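Read the structure below first, then the notes.
As the structure is a computational prediction, the values presented were derived from the model and not from experiment. A note on names: the letters A, B, ... follow the listed sequences, proteins ahead of strands, and every chain is numbered from 1.
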Protein chains: 2
Amino acid sequence: MCAVPRVSDEHLAARRQQILDAARRCFLRNGFHATSMQDVISEAGLSVGAVYRYFSSKHELVTSIAQSVLDGADDLFADLATAEPPLPLVEALDRALQFVEAQTGPDGVFPLAVQVWAESLRDPALADFVARLYSGFRARFVVLARRAQQAGELPADADPEAVGAVLFGLVPGFVLQRVLAAGPDPKTYLDGVRALLASHGVEK
Amino acid sequence: MCAVPRVSDEHLAARRQQILDAARRCFLRNGFHATSMQDVISEAGLSVGAVYRYFSSKHELVTSIAQSVLDGADDLFADLATAEPPLPLVEALDRALQFVEAQTGPDGVFPLAVQVWAESLRDPALADFVARLYSGFRARFVVLARRAQQAGELPADADPEAVGAVLFGLVPGFVLQRVLAAGPDPKTYLDGVRALLASHGVEK
DNA sequence: CATTGTAAAACGAACGCTCGTTCTTGACTG
DNA sequence: CAGTCAAGAACGAGCGTTCGTTTTACAATG
């Protein structure tokens, strides 16, 4: 009741974001575990008490960053799956690779995403979040495959679920090589995909 | 005088392996960072001093496990690339997926590999090791692609480097879905690949 | 074959330090 | 002056590692 000495909501939100930004920089630089709360606090230019007002624990901070890292890619994938007219597979992949390529550098989300993957193996809540999200991603690619099939780009008896999984898998396959093993650039990778698509039928 | 008290080399090697096994279990259960030396020591049923006789630091233990996790896959990939007669691409992928599938469970190497990936982003020495090894893996798939091309399985103007990168990328693409997002089984995934290979030419 | 000398191997208490978190304090706001 | 917010000292737990000591294994000895 009564006296309500308040700071504007924007101020509170800005403070929170200030902490999140600092945490992201620290986590990117040193990883979740090697980053101490003191690191984040110093990076944010705040005090211990201030940070603990906005986040009740380090774990909450890690979780917040992890979720923000993974969110946002879905927008792109949604576009790929719903574009009119339906995108040819190679073009859809081209866009996806260009998008993720921009996130493979030290300022992109993928170095953090790799850490999230590792973390999710030991944090069931995070694992659930990741599984849900990535299954959603895959579903986008399944839609993409189904529409490509309707457009005659795939054999009539192809399983869109299977093709979608492969298409989706091409993305982390590209990213991992890029981040860990100096993989080829998106254009070269795409050329490889094209060559496979143009391959001669196969079957043993 | 001249006492030469010795313990057999096998004993020493066995002790070392005993520690490595314990460390692997701990790291798999809790991750590199959340595992304390005390955890490893208790798991191994040894004393602090004993463990530090064999490994001079926690970091050395982590590095040893990380390297052992990544080693060994190359044998399989080498076989794929050098088999006579040259393997059809789908069959080679089939073998690769079956091999990695066996390693995706909680007792396989992949949950640990994901941690190694994360760790390598912040440990230059490990990053170098990983990059070298994975580039080697990719090279195997490039050979595979080149031979498939010679067998007429790929267009004559295809770039084996690009195709090899894509083929290699299919593997982690599969693994990540399997480990993080309840991805499809190897057979379904392979069906997807087959459908793509049988696709209708494409180009815009 | 018992005894002894000795170095390797194992032990585990203790150390210094950093961690994540809590608590006390005071300044500032409405 | 009531109440919020930030500051930062303080805390206990747990970390990785060190190190002085004890135990073990075994060749040399008598």
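Using a 4.5 Å cut-off on side-chain heavy atoms (C-beta onward), A/Lys187 and A/Asp94 make no contact.
Checking side-chain atoms of A/Thr35 against main-chain N and O of A/Cys26 turns up a donor-acceptor pair under 3.5 Å. Side chain of A/Gln18 to backbone of A/Ala44: a donor-acceptor contact under 3.5 angstrom is found. A/Gln115 places a side-chain N or O within donor-acceptor distance of the main-chain N or O of A/Phe27, the cut-off being under 3.5 Å. Put simply, the side chain of A/Asp39 gets close to the backbone of A/Ser36: a donor and an acceptor are under 3.5 Å apart.
A heavy-atom distance below 4.0 Å to DNA chain D is reached by these residues of residues 44-58 of chain B, ordered by number: B/Val48, B/Tyr52, B/Ser57, B/Lys58. Contact check of residues 14-39 of chain B against DNA chain C (heavy atom, cut-off under 4.0 Å) returns B/Arg15. Taken residue by residue, residues 116-126 of chain B places no heavy atom nearer than 4.0 Å to DNA chain D.
Qualifying side-chain hydrogen bond (donor to acceptor under 3.5 Å, both in side chains) partners for A/Asp79, counting only residues two or more places apart in sequence or in other chains: none. Residues passing the side-chain hydrogen bond (donor to acceptor under 3.5 Å, both in side chains) test with B/Gln67, sequence neighbours excluded: none.
The separation between A/Ile41 atom CD1 and C/dT18 atom P is 15 Å, rounded to whole Å.
A side chain to side chain contact (heavy atoms under 4.5 Å, CB included) with A/Gln103 holds for exactly one of A/Val69, A/Val109, A/Leu112; it is A/Val109.
For the atom pair CG (A/Leu144) and CG (A/Leu80), the distance works out to 6.5 Å, reported to the nearest 0.5 Å.
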Scan the side chains in residues 170-183 of chain B for donor-acceptor partners under 3.5 Å anywhere in the protein, sequence neighbours excluded, and list what turns up.
residue, atom, partner, partner atom, Å
B/Gln177, OE1, A/Arg138, NH1, 2.9
B/Gln177, NE2, A/Ala165, O, 2.8
B/Gln177, NE2, B/Gly173, O, 3.4
B/Arg178, NE, B/Glu101, OE1, 2.7
B/Arg178, NE, B/Glu101, OE2, 3.4
B/Arg178, NH1, B/Gly183, O, 2.8
B/Arg178, NH2, B/Glu101, OE2, 3.0

